[in-house]
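Everything below concerns the one structure shown next.
Both counts, for ligands and for their atoms, begin at 1 and track the order of listing.
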Amino acid sequence: MDVMEAITKRRSIRQYNADRPIDDETVNMILEAAIAAPSAGNGQSWHFEVVRDASIKHKLATEAGHQHFLEQAPVTIVVCTDLERAEKGYGLRGRNTYSLQETAAAIQNMLLVVTSLGLGACWVGAFDEGCAAEILDLPKNFRPIAMIPIGEPAEPANRVPVRKKISDVVTFK
Ligand SMILES: Cc1cc2nc3c(=O)[nH]c(=O)nc-3n(C[C@H](O)[C@H](O)[C@H](O)COP(=O)(O)O)c2cc1C
């Protein structure tokens, strides 16, 4: 699958075949894609929590406004940023801005490789960061940015949400 095909085929998937596991090799490939993303000064502030444990997934899903597809997925990867690492190179710009840009780039890489593998995922951002950090027992300097449930899709991915037109969102100068 070429890049543009993966970009256009990618959809948010919210139903997974819970009985179809995702093996470690696949998780590793997804993580390799994540850490291949660009980062400010190659600072790589990201950190990834790979969650397979059912009770942890249940707590995360419940806390994320009962988005229970998070626990239906055989694996959920919580993408975090290490705020200390982010701040080291670029001060507050690194801590407040680059940390988010870097993790977002890593997440999109993950979603694209997931799509290319015929799997499904969803970028989940609606959760309380403090609660998630507590559930995962994260160090104080780790900020959880997004949860990415990954699994074999149990729903067709043919619904394409309407996008604004280029002319609505672009200014050419
Ligand atoms: C920052 C961010 C946060 C999101 N949070 C959630 C979420 O908490 N739950 C959810 O079901 N989808 C979430 N999504 C997925 C969006 O709803 C989805 O990308 C959008 O509706 C477009 O659909 P598509 O991904 O299939 O193109 C989030 C996406 C982004 C980028």
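For the pair Arg95/Leu92, a side-chain contact is recorded, criterion being any heavy-atom separation below 4.5 Å from C-beta on.
A salt bridge does not link Glu155 with Arg14: none of the charged nitrogens is closer than 4.0 Å to a carboxylate oxygen. Between Arg52 and Asp24 there is a salt bridge, since a side-chain N of the basic residue sits under 4.0 Å from a carboxylate O of the acidic one.
Between the Glu63 side chain and the Cys131 main chain, no donor and acceptor come within less than 3.5 Å of each other.
Open room surrounds CZ on Arg20; 12 or fewer heavy atoms of other groups in view lie less than 6.0 Å from it.
At a heavy-atom cutoff of 4.0 Å, ligand 1 is surrounded by Arg10, Arg11, Ser12, Arg14, Gln67, Phe69, Cys122, Trp123, Val124, Gly125, Ala126, Pro161, Arg163.
With 3.5 Å as the limit, one finds a donor-acceptor pair spanning the side chains of Ser45 and Glu102.
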